[in-house]
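Structure, as structure tokens:
Chain letters run A, B, ... following the sequence lines, proteins first and then strands; every chain starts at 1.
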Amino acid sequence: DQQVKQNSPSLSVQEGRISILNCDYTNSMFDYFLWYKKYPAEGPTFLISISSIKDKNEDGRFTVFLNKSAKHLSLHIVPSQPGDSAVYFCAASVRNAGNMLTFGGGTRLMVKP
Amino acid sequence: DAGVIQSPRHEVTEMGQEVTLRCKPISGHDYLFWYRQTMMRGLELLIYFNNNVPIDDSGMPEDRFSAKMPNASFSTLKIQPSEPRDSAVYFCASSSRGAQYFGPGTRLLVL
């Protein structure tokens, strides 16, 4: 039973355009959501997070949107750069339940120059 | 801060041998997590510790896997005996509240 799903295994975007990565979850108890970026041969790197009391959080070129009623979150990268090419994982947790994260399967983003 | 440190970065061993993976979490973090990543199953949580105490080991595949955290700055994940299906990348992560910070991983190949 996958509680966090990333339905697009890959996404290709032109440099300078917007990249939109999507994530769906099923567990309504999740109240904290994160995005990680992973390059080959490296560990996942924390990018940005959002609490369920918010619907948007922005950090530079990265913005995460949360739609609780739809159990959906998305990561927007604008403008996209070739260095953003990586695998992106969304993750979710219940904050008062031990800090465990449940990860999606990842989306490979390719930003073409 | 040096971040989460894992060793070795690569390990090649033969089936039946004991394998020990090591992790040094970020100083001050009270949670430590061990994950395994494979093509088939993605990123799986194996076990996690809070204040050096194992909290949830339900992700540990079988009795061949064991993990310890003797102090706040060191943890090990041991596989004995190893099998080819254990070949994967093993990550350690640590956190205080909120985001987990991952080490670079140990790539294990069991022949």
Under 6.0 Å from the CZ atom of A:R17, do we count more than 12 heavy atoms belonging to anything else shown?
no
Mind checking whether A:L66 and A:L21 sit in one hydrophobic cluster, side chains of I, L, V, M, F, W, Y counted as touching below 4.5 Å?
yes
Write out, in numerical order, the residues from residues 65-85 of chain B with a heavy atom short of 4.5 Å from a heavy atom in chain A.
none
Output all residues satisfying salt bridge (Lys or Arg N to Asp or Glu O under 4.0 Å) with B:D86, sequence neighbours left out; order by chain, then residue number.
B:R64
Checking heavy atoms, do the side chain of B:L45, its backbone, both or neither come under 4.5 Å from chain A?
side chain
Considering heavy atoms only, which positions within residues 84-93 of chain A lie below 4.5 Å of chain B?
A:F89
Heavy-atom distances under 4.5 Å only: say whether B:R41 touches chain A with side chain, backbone, both or neither.
neither
Tell me whether B:I55 shares a hydrophobic cluster with B:F91, the cluster being built from Ile, Leu, Val, Met, Phe, Trp, Tyr side chains joined at under 4.5 Å.
yes
Contact class of B:E44 relative to chain A, heavy atoms under 4.5 angstrom:
neither
Would you say B:E14 has more than 12 foreign heavy atoms packed within less than 6.0 Å of its CD?
no
Please check if A:L75 and A:F30 belong to a single hydrophobic cluster, counting links between Ile, Leu, Val, Met, Phe, Trp and Tyr side chain heavy atoms closer than 4.5 Å.
yes
Drop me the distance from A:L101's CG to B:Y48's OH, to the nearest 0.5 angstrom.
10.5 Å
Would a hydrophobic clustering, with Ile, Leu, Val, Met, Phe, Trp and Tyr connected at side-chain separations under 4.5 Å, put A:V94 with A:L73?
yes
Residues, nucleotides or ligands: over 12 heavy atoms within 6.0 Å of A:M110 CE
yes
Residues 31-48 of chain A: residues contacting chain B (heavy atom under 4.5 Å, by number)
A:Y32, A:L34, A:Y36, A:K38, A:A41, A:E42, A:G43, A:P44, A:F46
Consider only side-chain heavy atoms of I, L, V, M, F, W and Y, link residues closer than 4.5 Å, and tell whether A:M100 and B:Y35 are in one cluster.
yes
Please rank B:C92, B:G42, B:A99, B:P104 by heavy-atom pairs under 4.5 Å with chain A and give me the top one.
B:A99
